[in-house]
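I have placed the structure first, in the form of structure tokens, so that the comments after it can refer back to it.
The residues of the chain are indexed from 1 along the displayed sequence.
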Amino acid sequence: MGSKWTAADIPDQSGRTAIVTGANSGLGYDTAAALADKGAQVVLAVRNLDKGTEAKDRIKTASPNAIVTLQELDLSSLDSVRRAADELRAAHPRIDLLINNAGVMYVPNRELTKDGFEMQFGTNHLGHFALTGLLLDHLLPVDGSRIVTVSSVGHRLMARIRFEDPHFETGYNRVQAYGQSKLANLLFTYELQRRLKLKGAPTIAAAAHPGFSDTELMRYIPGFVPDFIWKIVAQPASMGALPTLRAATDPGVAGGQYYGPDGIGEVKGHPKVVASSGQSHNEDIQRRLWTMSEELTGVTYPV
């Protein structure tokens, strides 16, 4: 393996089952395509089945032997999450990889999920918290199983968990709301890893971020950033997916690690272990968020 980790370094994934949320486009698509190309049975967990079918066909065209299936999943609806989890559990007694990739970013005006949660917090964190908890007992018996959650450099941007008002009933700010959801992704990962370790489980939890990647997520980027500037700064989604892929497949990954690009400011580059904010490592905040997430979703974990 060279010093610059690439998709060519992904080990053979034959016999492994990987679930990738938001896999119809952008980072999720490139993540799913790379895993399928290496032999994994990949489930594209998507909100729009038509777009999911198009993504599946593209993957099969590029990798004719790929094993790819679809699962309808709307992370902004706990009913959908529960239904998807039931179907995934029935279809896949063994789950090797769960990649919590899907997300929304910089929603301009305050929107709520079907359960009344602020859209970014509800989709990016609470939906994935619920899905992971409902699938965990199909990961726990599997040696080498991993849960990888995609965060963002945005977890540092004016970010804190607004325990007093997590759904921004007052003072909605789209950057703060996004930052809260991405900080929550890291707090969740670190607390989950602590619990898995205490249980002595073979499953590990890790996190990744894509730097600045040119994906559909950027459709709501603040207007003061010109498109041509963004195009110069951003890297393609195939590069942005590499930190996730490394966290998911590199044999040297340890539980609780966080991967991101190795370039200046972690904007772009090849994946390496990076640091997250001090707040993300605060165990009191981790536990408090976990308790709140269980209460909001009604999902409790077997760890």
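Here the side chain of N101 pairs a donor or acceptor atom with the backbone of T21 at under 3.5 angstrom. Side chain of Q13 to backbone of A36: no donor-acceptor contact under 3.5 angstrom is found. Checked by atom type and distance alone, the side chain of D96 pairs as donor or acceptor with a backbone atom of T17 at under 3.5 Å. Between the side chain of S63 and the backbone N or O of A66 there is no donor-acceptor pair closer than 3.5 Å. Between the side chain of K182 and the main chain of V150, a donor-acceptor pair closer than 3.5 Å is present. Between the Q235 side chain and the G269 main chain, a donor and an acceptor come within less than 3.5 Å of each other. In terms of modelled atom types and a separation under 3.5 Å, the side chain of Y301 and the main chain of G133 share a donor-acceptor contact. Counting only distance, with no hydrogens or angles, the side chain of Q193 and the backbone of A205 share a donor-acceptor pair below 3.5 Å. Formation of a donor-acceptor pair under 3.5 Å by the D262 side chain with backbone atoms of H270 is found in this model.
Using modelled atom types, one finds a donor on one side chain and an acceptor on the other under 3.5 Å when comparing N100 with T132. Side-chain contact check for S151 and N185: no donor-acceptor pair (N or O, by modelled atom type) lies under 3.5 Å. Judged purely by distance below 3.5 Å, without hydrogens or angles, the side chains of W290 and E294 pair a donor atom with an acceptor atom. With hydrogens and angles left out, the side-chain atoms of S181 and N124 include a donor and acceptor closer than 3.5 Å. In this structure, a donor-acceptor pair under 3.5 Å is present between the side chains of S14 and D12.
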### Task
Could you check D9 against R246 for salt bridge (charged side-chain N to carboxylate O under 4.0 Å, His left out), going step by step and ending with a plain yes or no?
CA-CA 9 Å; D9 293 308; R246 185 167 190 179; over 6 Å; no

### Task
Carefully, step by step, assess T249 and K38 under the rule side chain to side chain contact (heavy atoms under 4.5 Å, CB included).
CA-CA 11 Å; T249 67; K38 291 290 186 173; over 6 Å; no

### Task
Start with the C-alpha distance between K51 and S25, add both sets of side-chain angles, then the distance that settles side chain to side chain contact (heavy atoms under 4.5 Å, CB included), and finish with yes or no.
CA-CA 8 Å; K51 291 183 178 180; S25 65; over 6 Å; no

### Message
Between L75 and V81, does the side chain to side chain contact (heavy atoms under 4.5 Å, CB included) criterion hold? Intermediate values first, please.
### Response
CA-CA 6 Å; L75 288 160; V81 171; 4.2 Å; yes

### Verdict with reasoning, T123 to T113, per side chain to side chain contact (heavy atoms under 4.5 Å, CB included)
CA-CA 7 Å; T123 301; T113 68; 4.3 Å; yes

### Query
Do R287 and E283 pass the salt bridge (charged side-chain N to carboxylate O under 4.0 Å, His left out) test, and can you show the C-alpha distance, the side-chain angles, and the key distance before you say yes or no?
CA-CA 6 Å; R287 293 188 179 97; E283 293 187 4; 3.4 Å; yes

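Of all heavy-atom pairs spanning G240 and L27, the tightest one is C-CD2, 3.5 Å. Shown here for Y172 and N109, the closest heavy-atom pair between the two residues is CE2-C, 3.6 Å. P166 approaches F121 most closely through the heavy-atom pair CB-CE2, 4.1 Å. Across every non-hydrogen atom of G52 and L70, the tightest pair is O-CD2, 3.4 Å.
Taking 4.5 Å as the limit, every side-chain heavy atom of L97 sits out of range of all side-chain heavy atoms of V148. Residues L44 and I59 have side chains in contact (heavy-atom distance under 4.5 Å, counting atoms from C-beta outward). Annotation: side chain of H209 is not in contact with side chain of P243 (no heavy-atom distance under 4.5 Å). No side-chain heavy atom of S280 sits under 4.5 Å from any side-chain heavy atom of Y258. With contacts defined as side-chain heavy-atom distances shorter than 4.5 Å, the pair V142/P202 does not qualify. Contact check for I10 versus L245: side-chain heavy atoms found under the 4.5 Å cut-off. The side-chain heavy atoms of R82 and V299, taken from C-beta on, include a pair separated by under 4.5 Å. The closest side-chain heavy-atom distance from T149 to H128 is not below 4.5 Å.
More than 12 heavy atoms of other residues, nucleotides or ligands sit less than 6.0 Å from atom NZ of K60. Within a 6.0 Å radius of CD1 in I264, other residues, nucleotides and ligands contribute 12 heavy atoms or fewer.
In this structure, E191 pairs ionically with R195, as a charged nitrogen and a carboxylate oxygen lie closer than 4.0 Å. Salt bridge D137/R89: present, at least one basic N to carboxylate O contact under 4.0 Å.
Hydrophobic cluster membership differs between F129 and L78, with clusters built from Ile, Leu, Val, Met, Phe, Trp and Tyr side chains linked at under 4.5 angstrom. One hydrophobic cluster, built from ILVMFWY side chains closer than 4.5 Å, holds both F188 and L73. M239 and I99 fall within a single hydrophobic cluster, where Ile, Leu, Val, Met, Phe, Trp and Tyr are joined by side-chain heavy atoms under 4.5 Å apart, directly or via other members. Note: the hydrophobic cluster containing Y178 does not contain L183 (ILVMFWY, side chain heavy atoms under 4.5 Å, direct or indirect links). L98 and L88 fall within the same hydrophobic cluster, where Ile, Leu, Val, Met, Phe, Trp and Tyr residues are linked whenever their side-chain heavy atoms come under 4.5 Å apart, directly or through other members.
Each of I147, D143, I95, V303 was compared with T203 under the side chain to side chain contact (heavy atoms under 4.5 Å, CB included) criterion, and only I147 meets it.
Not counting sequence neighbours, the partners of Y190 by the ring-ring contact (aromatic ring centres under 6.0 Å, His included) test are H281. Scored by the side chain to side chain contact (heavy atoms under 4.5 Å, CB included) test, R162 finds R160, E164, D165, F168, T170, Q176, Q180 as partners (sequence neighbours excluded).
Relative orientation of the F117 and H167 rings is parallel, given thresholds of 30° and 60° on the angle between their planes.
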